[in-house]
Protein chains: 2
Amino acid sequence: MPVTTRPVTIRDVARQAQVSVSTVSRALTAPELVRAETRVRVLEIADRLGYQPNPAARSLITGRTGNLGIVVPDLGNPFYPGVMRGAQASARDSGRSVFFCDSGGSARQEAALVRSLAPQVDGLVLCSPLTGGAELAELVALRTTVLLNRPLPGVSSVLMDSRSGAEAALARLALLGHQRCAYLGGPDESWTNGERLAGLRSASDEHGVGLRALGPFPPSFAGGELGADEALGAGVTALVAYNDLMALGALQRLRERGVAVPDRMAVIGFDDLLYSAVCHPSLTTVALPMEEGGRAAVRELLARLAGEPPSTRVLPTALRVRASTG
Amino acid sequence: MPVTTRPVTIRDVARQAQVSVSTVSRALTAPELVRAETRVRVLEIADRLGYQPNPAARSLITGRTGNLGIVVPDLGNPFYPGVMRGAQASARDSGRSVFFCDSGGSARQEAALVRSLAPQVDGLVLCSPLTGGAELAELVALRTTVLLNRPLPGVSSVLMDSRSGAEAALARLALLGHQRCAYLGGPDESWTNGERLAGLRSASDEHGVGLRALGPFPPSFAGGELGADEALGAGVTALVAYNDLMALGALQRLRERGVAVPDRMAVIGFDDLLYSAVCHPSLTTVALPMEEGGRAAVRELLARLAGEPPSTRVLPTALRVRASTG
DNA sequence: ATGAAAGCGCTAACAG
DNA sequence: CTGTTAGCGCTTTCAT
């Protein structure tokens, strides 16, 4: 049974080093203010004692925590781990820790999470927030915030250009001779969903392709299965899903139903998950820069924390043509 | 430009409510100690002012944060998001936030992460830690900790019984007539890896199947691609990968090389990711209870925080036979 | 270059 | 039931 020993405080170090607590504090946070000799002794003793500054105490006085927070709607969607990896890469370079949180795809939980997270971090990245309008404005006011895939006036954001991706996808379908296409919609609250639908709409007008907007469906594998059934009922020959997870679900359902892909139904997704290249048939998809999105968002957040004004950055997307469109 | 307003403190609330700060504090943290009338007034004013207790100040005095931390080695492996979802589900019920962190698959970073995270949470779950020996002992001493897939005397752990899973996998291969099998090993530091190898060894002895242990390989898709090449050189007819991600990578590489699965090479993984059922050919795998693992780990952590003694829990696994073994 | 002292915002005895 | 008081561990003026 390990005895619960009292943690080492700055005072313990000061006593051992025969200096005041202020000197210890300075040796740790502003070394240039301490005589080299003293500093070395203090640091050495701190190290020997295993001294770890109490972050709560430090944060109480400085108002900073050294942490960043990232909120994503769904850890189960590999898109977000991709973003998180990028984010972590940027953050690590700056010596900050990142706290990831999952809002579970609910706007209510998202808001609650942000409120509880905000005071524990210096800055936040909200990925594809479900919260909108006045409440979103309220949330971003809590802390320096960068939005991913959601624009908001006066707030930093990193956007992925899914609209042109959607246009490219539909153009591809038109080129292949498809006349009727369904869109398996994601969450109505999602900016991305609106962009994708808008891109499909404008391109379908341009190419004279009929577009049926279905949904909204849960943006998950299961949602794609559901959506495939509806698309089947809608008499279309092509289906564009809100994301790859849905597209994979749709592929699965179509296989179960004996519907040949791409012969009887072409399928396109968004994201370009690892699995989209591996599944069968491999998935044509609009590739989104996941890691770069995470990196850019944190980079922007660090810039904001360093005093830069808010900015918006749009990242390009690209259609990856694979087997599911023939 | 939003003006940076000074945050509302407990004093602001106290002044407005014409009570002392203690009464406000109590109204929020121990409502039964305050007269109903007073409490209502205080809470109402706190709400109107948008008062949010400063967590640093609170934590400084109570020594608690209300947060849990979970460290995983690789967000890119869908196994961990699965665990995280389970963990979050358990935590949410108890009203605690969970901070997820990614150690990036490096023991050094893992240790650093734990050290920085420990003082900011009440308890930790370390998933498949790469750190071992004395250093792991040191880490778990920092905070109440539950280990996932790593046993340690005197420390709570939740283990998944991959050893019997491995035995079942090899038995299956023996049944199908395979004589020579390769194991694509994961990280040497991983307890799970040892268990799987041990299970394969004992079953291969029992069934008279030759076993070649290859690796270690990175426990990733790319690692599986590498491993498949080595397995091909080893003249085996079956391959068991450390995890599904590797198995998927192996499938991909075998397809590129024109090696038919399962006819010329059978493939088995561990985890049962969503994609393992969807890929082609679908993957035979030892299913691990990801969400349940996360749930159980947090449940155990909460029990520890509530004063229960450490305990070890072993969760069962199950072989899912699919197309990759014929 | 260093020390003394004040106080960050909050909770927890201890009185009343 | 409520107010007063005393810090939690640390950083930061302000002196020296």
Side-chain angles (χ1 to χ4, degrees), chain A residues 4-43 45-46 49-67 115-116 118-122 142-143, chain B residues 4-43 45-46 49-67 115-116 118-122 142-143:
Chain A
T4 315
T5 71
R6 188 179 56 75
V8 183
T9 77
I10 198 171
R11 299 235 260 244
D12 300 321
V13 179
R15 199 173 314 122
Q16 289 259 342
Q18 316 252 47
V19 294
S20 70
V21 292
S22 341
T23 301
V24 176
S25 174
R26 282 189 282 255
L28 267 66
T29 60
E32 69 281 6
L33 296 182
V34 177
R35 187 159 46 113
E37 199 177 315
T38 319
R39 184 196 329 146
V40 169
R41 182 163 38 99
V42 169
L43 292 180
I45 288 178
L49 265 44
Y51 169 65
Q52 293 286 118
N54 178 321
R58 181 175 268 184
S59 149
L60 180 58
I61 186 160
T62 63
R64 279 168 289 110
T65 67
N67 299 323
R115 288 181 200 285
S116 90
Q120 317 203 39
V121 298
D122 297 339
L142 294 174
R143 268 278 175 272
Chain B
T4 315
T5 70
R6 189 180 55 75
V8 182
T9 78
I10 199 172
R11 299 235 260 244
D12 301 320
V13 179
R15 199 173 315 120
Q16 289 259 341
Q18 316 252 49
V19 294
S20 72
V21 291
S22 350
T23 301
V24 177
S25 175
R26 282 189 282 253
L28 268 67
T29 60
E32 70 282 6
L33 296 182
V34 178
R35 188 161 44 114
E37 199 177 315
T38 319
R39 183 195 331 145
V40 169
R41 182 162 40 100
V42 168
L43 292 180
I45 289 178
L49 265 44
Y51 169 65
Q52 293 286 120
N54 179 322
R58 183 175 266 182
S59 149
L60 179 57
I61 186 161
T62 63
R64 281 169 287 110
T65 67
N67 299 322
R115 287 180 200 285
S116 92
Q120 317 203 37
V121 298
D122 297 338
L142 294 174
R143 269 278 174 272

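Chain letters run A, B, ... following the sequence lines, proteins first and then strands; every chain starts at 1.
Note that the CD1 atom of B:I10 and the CG atom of B:L49 stand 12.5 Å from one another [nearest 0.5 Å]. Here the straight-line distance linking atom CZ of A:R15 with atom OG1 of A:T9 works out to 7.0 Å at 0.5 Å rounding.
Residue A:R11 places its CZ atom among 12 or fewer non-hydrogen atoms of other residues, nucleotides or ligands, all under 6.0 Å distant. Shown here is A:E32, whose CD atom has more than 12 heavy atoms of other residues, nucleotides or ligands within 6.0 Å.
Panel note: side chain A:R39, backbone A:P31; a donor-acceptor pair is recorded below 3.5 Å. A:R26 places no side-chain N or O within donor-acceptor distance of the main-chain N or O of A:V34, the cut-off being under 3.5 Å. Side chain of B:R64 to backbone of B:D122: no donor-acceptor contact under 3.5 angstrom is found.
Side-chain atoms of B:T38 and B:V19, non-hydrogen and from C-beta on, do get closer than 4.5 Å to each other. Here the side chains of B:V21 and B:V13 are not in contact, with every heavy-atom distance at 4.5 Å or above. A 4.5 Å side-chain heavy-atom check between B:N54 and B:R58 finds every atom pair outside the cut-off.
Nucleotides of DNA chain D with any atom under 4.0 Å from a heavy atom of chain B span, from 5' to 3', D:dC1 to D:dG9.
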When Watson-Crick pairs (N1 to N3 and N6-O4 or O6-N4) and G-U wobble pairs (N1-O2 and O6-N3) count only below 3.5 Å on both distances, what is the dot-bracket string of DNA chain D, with | for other-strand pairs?
||||||||||||||||
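Remark: P of C:dA4 and CZ of A:R26 are 11 Å apart, rounded to the nearest angstrom.
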Hey, what are the protein-to-nucleotides 5-9 of chain C N/O distances that come in under 3.5 Å?
residue: C:dG9; atom: N2; partner: B:A57; partner atom: O; Å: 3.4

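A:T38 comes within 4.0 angstrom of the backbone, heavy atoms only, and of no base. Within 4.0 Å (heavy atoms only), A:T23 reaches sugar-phosphate atoms of the nucleic acid but no base atom.
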